[in-house]
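Numbering starts at 1 and runs along the sequence shown.
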Amino acid sequence: MRTADLRARYWRIVLFFGRVTLGFIWWEIVLRRVGLGRLTDRTRTERVRRTAVWFRALAVSMGGLMIKVGQFLSARLDVLPPEVTQELAGLQDEVPAEDVAAIRAVARSELNRPVDERFAWFQETPLAAASLGQVHRARLRPAEAEELGFEDVVVKVQRPHIRQVIEVDLAALRRVGGWMERYRPIRQRADVRALVEEFATTTLQEVDYVAEALNAETFADNFASDPRVGVPVVVWELSSRRVLTLEDVSAIKLADTAAISAAGIDGGEVAQVLAQTFLQQIFTDAFFHADPHPGNLFVTPRRGTAPGAPDTPDTPDWTLTFIDFGMVGHIPDELRAGLREILVAVGLRDATRFVAGLSRLDLLLPGADLSLIESAAEQVFERFGGLRIDELQQIPPEDLVRFGLQFRELLRELPFQVPENLLLLGRSMGILSGICTGLDPEFDAWGTITPYARRLLEEERQGLPRTVVEEALALSRLALVLPGRADRVLTQAERGELAVRTPALTALVARVERSVTRLTMVLVFTALLLAGAILHSSGEVLGRLLMAASLLPLGWSLASGIRRGRS
């Protein structure tokens, strides 16, 4: 691929996001600061939809990582407004196909022979065109089919020059991520640079098809005893780093709820099984499918099952089939322990344990008011615990207003952060939430979490003697060092060197000071502007000068707001 084409690609991505960023600053910051917040709110829906249309056009025309970004956004039904997810939903199947001659050339290079010699039949028209590769149906030669027990396969072949495209797209995303980190609300909520780097790592893993094949076999081993879960078999003799041949397991896509219902399958049951499989992946296997968008999940009616036959764990009449294991995640022991703590806390409605789990996962910013967070968690569990998603949507607005007023300081500060090791998992859970809601608007997440949490709690109780010994040892170590620490604290107090830090109070005073200063500048701006307008209408030259001078306090006020966002 030519250097000039790669450079043009880079700047096209950067300029697109630059335009979106400038639009956000103008509408959500500048206009709000000059009192036009109502106009911003009234036009937001159409502006967001228009931005989604622009991004969709960009992604389709460019392919590469832009498609993957769009696929991720389209699955966030639980976070993004419907005008965004609906506009981007088509990206799951809208990737332009690569020329088949180029695909054949890559396959021949990897398999050392033309595809017509390696397969009994190879379909020219692609089954699916993904952002990084392309899938074609094929048929094994008789000897290989007899050995493996199936003949229909899918052959996944990488797009030519895809590694160069990935490197350019990642460079552009890193630059955009640097811009986003300058905005304080975003910087406080997530480490954007870490998110981009995590995205880079997982994407580069996706273009190693040997690693993907090994991931598929690991996943299959983890669910070997569960008849509800299916995984395609890898044909190793016809696979390499850029070509992957798998058993053809094509069936009903998880997003096709109408076809699922027509097959006599309950979407609610599928959602329950999907959620249960991910609980096992996260809390038992510590190895999870990190790209569970609807195009990578099928519902496969089981052959030979009588229509209407009852579904049991031993003989289900359908199988939830996972494909595409290029993006997977591994959960370290400490992270899994923290997640288990939070899951048990949510299942048992235990606010104290919930806050302890947040702390263990480093999800709380320094200086966070733990007692206030615990109180808010108690109120959430008491008021909203156990409600289904459709019931949550019907909560009276006055209840939400009452909760917001009670915890307005907590909601204003939102002292939470997303550490790097949770980014990929959070992405997967966000996609999963959207899929389950799409399958069943009445999906009961509490009903899935609570039994699993109680089982984890029972396992924890069985290990109680070991925990008691560990806590006793920790207390013993603390008892040995405590006298020395106490002596140092008392000595500092006697010398007047003991400092008490109150970050929340300090931040509050600083905010008040900045607000008063900005208000003063806005008043000066208003006075100069009005006086200038009056004099200008009378033809006075001084009027134009005053109107021009009014831009100085306005600029200062806006600049201070931007500086505050960066600090």
Side-chain angles (χ1 to χ4, degrees), residues 78-79 188-190 275 278-279 282-283 331 334-419 421-422 425-426 429-430 432-433 436 443-464 467-468 470-471 474-475 502-505 507-508:
D78 54 330
V79 175
Q188 285 184 323
R189 301 283 71 78
F278 266 83
L279 288 172
I282 295 167
F283 297 103
I331 302 178
E334 182 61 25
L335 175 59
R336 181 166 50 160
L339 292 171
R340 287 168 66 101
E341 188 84 4
I342 288 181
L343 183 71
V344 171
V346 171
L348 302 182
R349 321 290 200 267
D350 186 338
T352 302
R353 189 162 188 164
F354 180 75
V355 175
L358 295 178
S359 300
R360 189 166 186 175
L361 290 175
D362 292 328
L363 281 168
L364 299 177
L365 293 170
D369 189 337
L370 300 185
S371 61
L372 186 60
I373 296 174
E374 182 176 330
S375 178
E378 288 178 351
Q379 293 292 324
V380 169
F381 288 152
E382 180 180 346
R383 176 64 184 86
F384 309 119
L387 296 182
R388 300 190 308 269
I389 291 178
D390 62 321
E391 294 173 331
L392 289 172
Q393 294 173 343
Q394 297 174 9
I395 293 174
E398 54 269 22
D399 285 7
L400 299 177
V401 172
R402 191 179 305 113
F403 180 85
L405 291 174
Q406 185 177 358
F407 297 101
R408 56 183 175 273
E409 186 64 28
L410 176 63
L411 295 174
R412 185 184 300 116
E413 293 297 329
L414 288 176
F416 305 101
Q417 61 185 352
V418 183
N421 58 7
L422 278 178
L425 178 59
M429 296 306 293
L432 175 67
S433 174
C436 289
F443 174 67
D444 183 8
W446 298 95
T448 304
I449 291 175
T450 301
Y452 202 91
R454 294 190 183 280
R455 193 192 330 162
L456 292 178
L457 184 61
E458 184 61 31
E459 294 175 359
E460 183 181 279
R461 287 171 178 168
Q462 292 175 359
L464 185 60
T467 303
V468 171
E470 291 175 350
E471 291 294 333
L475 289 173
T502 55
L505 180 59
L508 178 60

J.: To the closest 0.5 Å, what do you measure between CD1 (Ile282) and CZ (Arg340)?
T.: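 Taking CD1 in Ile282 and CZ in Arg340, the distance rounds to 12.5 Å.
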J.: How long is the straight-line distance from CG of Leu425 back to CD1 of Ile331, given to the nearest 0.5 Å?
T.: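 One gets 5.0 Å once the value is rounded to the nearest 0.5 Å.
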J.: Kindly compute the distance separating CZ (Arg353) from CG (Leu358), expressed to the nearest 0.5 Å.
T.: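 Output value for this atom pair is 13.0 Å.
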J.: Can you pull the ring pair (Phe, Tyr, Trp, His ring centres under 6.0 Å) pairs that have at least one residue in residues 334-367, sequence neighbours excluded?
T.: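 Residue pairs passing ring pair (Phe, Tyr, Trp, His ring centres under 6.0 Å), neighbours aside: Phe354-Phe381.
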J.: Are any non-hydrogen side-chain atoms of Leu343 and Leu279 less than 4.5 angstrom apart?
T.: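 In contact.
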J.: Report the distance from atom CG of Leu335 to atom CG of Leu361, rounding to the nearest 0.5 Å.
T.: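 The CG atom of Leu335 sits 6.0 Å away from the CG atom of Leu361.
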J.: Could you state the interatomic distance from CD (Glu378) to CG (Asp350), rounded to the nearest 0.5 Å?
T.: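 If I round to the nearest 0.5 Å, the distance is 9.0 Å.
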J.: What's the shortest heavy-atom distance between Glu341 and Gly357, and which atoms?
T.: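 The answer is CG-CA, 3.8 Å.
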J.: The criterion is side-chain hydrogen bond (donor to acceptor under 3.5 Å, both in side chains); which residues satisfy it with Ser359, sequence neighbours excluded?
T.: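 By the side-chain hydrogen bond (donor to acceptor under 3.5 Å, both in side chains) rule, Ser359 matches no residue at all.
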